[in-house]
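To find a chain, count down the sequence lines: A is the first, B the second, and so on, and within it residues start at 1. Just so you know, these numbers come straight off a predicted model, no measurement behind them.
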Amino acid sequence: MTPMSKPVVTRFAPSPTGFLHIGGARTALFNWLYARGRGGKFLLRIEDTDRERSTPEATAAILQGMEWLGLDHDGDVISQFDGAARHAEVANQLLAEGKAYKCFATQEEIAEFREQAKADGKSTLYRSPWRDVDSADHPDAPYVVRIKAPQSGITTIKDQVQGDVTIRNDQLDDMILLRSDGTPVYMLAVVVDDHDMGVTHVIRGDDHLNNAARQMTIYEAMGWDVPVWAHIPLIHGPNGKKLSKRHGALGAQEYQSMGYPAAGMRNYLARLGWSHGDDEFFTDAQALDWFDFDGIGKSPARFDTKKLENLSGQHIAVSEDAALQHEIQAYLASAGQPALNDVQSANLEKAMYCLKERAKKFPDLLEKAEFALASRPIQPDQKAAKALSSVFIRILSELTPQLQNVSWTRDDLERLLNSLAEAHDTKFGKLAGPLRAALAGRAVTPSVFDMMLILGREETMARLADTAG
RNA sequence: GGCCCGUUCGUCUAUCGGUUAGGACGCCAGGUUUUCAACCUGGAAAGACGAGUUCGAUUCUCGUACGGGCUGCCA
């Protein structure tokens, strides 16, 4: 790429037949990173030419997933189906120029041929007998339009990830451009749309690698510039198999419902199949700056929840409190849980500093935030109740009046608790459990001093009094 | 079946002919500790296999095995 080359335009082109799964999300992310990192455009096109399987619900789910991940696109969402007339126009132009032809073979004939070829152990590549038939000899019957693919020579896909991939042209079939009902097929539509949209770099799953060779015949027939190809390896499930719904592939949004922050998800997804030296944890700005084709690996990667959690926790720790608040509310909504009310939000905000560094996901954070979210009287859960034996309750009730006059600082509170422990010939560590239980009703919380500081003198004393009965 | 692609610790990866094959997550042991998380120290853990090229291969070539993809009037 020279500085003079035209601006980068990438696109993400999912078909709306289901949710945005993790592999698609990563493809979208790579396209987004490549374009945005270079001041280019990132477009979104919905490949809805298959009317049978495309649904508006799926489109909505994809859009929502993109939004959650923060992958904003330029311009309107483009519907591939809307361009059907233009696609047909191109096919007809090719037909007029003799670069495509009408094929009258029926689907039954072709199916029969394939079955036979398979039985004979021969290539199932279909060669239409109509390729060179004069139009005067055409029957009055339904037909499909096929492109005249080259039958000799080679086609080389100069791929930025896979390197040069060469395919013998005699392996290429005369693919269908227009169905017998006149509607365009995907293979034609992608090429026309990518050209018309000015897409300069096609970054997509390597399941399209072979298709690229076939699509190149259309580019050549039309005399169009071929885009830069980058076919990235697919993501596999934990079992090493292709990601599928059956193998637990989840929609991007389910990760939101599980409480992962979008920034952590982006970091993890970017790191899956792409690397920049030994960098593991990075910001969007860094990813944007670093992302390039030479860092993309050639082999498929497996999804690893543990690593996602680790990265997720690191991102939560460095996030701004206000941003975390917003994301947590969105998480609750996506998980179908009640939103935090104003009081809870305010308390959460006060407690955020000591919560965000010890949570991997939002549910962990909220669990530890329970002391700030709950209101009196605190109901201890089973584990907390166990810590509240009568002997400790007695010590706590002894503590309560002493809290009245102590200065409400961490140092003084620590001093007070330590001397109280000493007076009972024990260590502060022994007191922490019951105190925690009384203040939070939970066994897992931030430091008891942080809780006391956040709760304040009055509330702390009230909760201890409640516990002492 | 045909064609295409891939193969480094359990997982994600670094290495662009010469390294005790590095890092991260996870795991194990120990430490710290106020629960959880975090943190500190240490540890186990990898070049699929077989040839070839080379003074020297994880790295280049070929073959085998295994995995994946495509082979639709799906995208």
Side-chain angles (χ1 to χ4, degrees), chain A residues 13-17 47-50 52-54 80 103 105-107 110-111 114 117-126 142-146 157 159 162-163 165-168 170-173 175-181 183 185-187 189-190 205-211 213-214 231 233-234 236 238 240-242 268 271-281 294-295 297-311 313 317 355 357-360 364-365 367-368 383-384 387 417 427-433 435-437 440 442-449:
Chain A
S15 54
T17 54
E47 313 248 71
D48 53 358
T49 53
D50 183 345
E52 299 281 298
R53 299 196 298 161
S54 298
Q80 184 160 67
C103 171
T106 65
Q107 297 196 53
I110 298 171
R114 289 215 172 90
K118 212 164 217 173
D120 297 346
K122 290 198 279 208
S123 168
T124 55
L125 193 100
Y126 181 69
Y143 60 87
V144 298
V145 174
R146 289 181 185 272
I157 303 158
D159 195 277
Q162 309 289 339
V165 177
T166 299
I167 293 182
R168 291 208 318 273
D170 59 17
Q171 297 296 325
L172 264 28
D173 63 344
M175 64 180 167
I176 290 174
L177 265 20
L178 254 32
R179 302 184 180 95
S180 50
D181 64 359
T183 58
V185 299
Y186 161 79
M187 284 289 184
V190 235
D206 69 7
D207 49 339
H208 287 284
L209 184 57
N210 288 288
N211 290 338
R214 310 207 289 155
H231 289 94
L234 267 16
H236 285 179
K241 299 282 186 204
K242 186 186 180 185
Y268 178 69
R271 194 62 190 67
L272 205 53
W274 171 77
S275 62
H276 181 265
D278 284 336
D279 295 305
E280 301 285 350
F281 171 76
D294 58 17
K298 290 179 153 195
S299 51
R302 299 186 194 195
F303 197 86
D304 179 14
T305 307
K306 291 287 191 191
K307 187 141 185 181
L308 202 213
E309 279 187 1
N310 178 276
L311 253 12
L355 293 168
E357 287 184 355
R358 49 211 325 150
K360 292 184 168 175
D364 310 346
L365 191 150
E367 160 79 20
K368 287 169 178 167
K383 278 187 183 168
L417 266 308
K427 285 185 173 174
F428 164 67
K430 295 284 185 196
L431 259 43
L435 223 198
R436 168 174 294 112
R442 298 295 159 100
V444 175
T445 75
S447 141
V448 293
F449 297 112

- [ ] State, without any angle test, whether Arg436(A) and Thr445(A) hold a side-chain donor-acceptor pair at a distance under 3.5 Å.
- [x]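 Yes.
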
Under a 3.5 Å cut-off for both distances, is [N] Watson-Crick or wobble paired, and to whom?
N	value
G50(B)	C62(B)
G30(B)	C40(B)
A24(B)	U11(B)

Open item on the list: Quick check on RNA chain B: between Arg436(A) and Cys103(A), whose nearest nucleotide comes earlier from the 5' end?
Closed with: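 Result: Arg436(A).
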
Rounded to whole Å, how long is the line connecting atom [atom1] of [X] with atom [atom2] of [N]?
X	N	atom1	atom2	result
Lys430(A)	U33(B)	NZ	P	14 Å
Leu234(A)	U7(B)	CG	C1'	16 Å
Gln80(A)	C74(B)	CD	P	13 Å

TODO: Look at the side chain of Arg214(A) against the base of U71(B) and say whether a donor-acceptor pair falls under 3.5 Å; ignore hydrogens and angles.
DONE: no

Open item on the list: Closer than 4.0 angstrom, basic N to acidic O: yes or no for Asp170(A) and Arg168(A)?
Closed with: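 Answer for the salt bridge query: yes.
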
Open item on the list: Assess whether a salt bridge exists between Asp173(A) and Arg146(A), defined as any Lys/Arg side-chain N lying under 4.0 Å from an Asp/Glu carboxylate O.
Closed with: no

TODO: With heavy atoms under 4.0 Å as the rule, sort Asn211(A) into base, sugar-phosphate or nothing.
DONE: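 Contact class for Asn211(A): base.
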
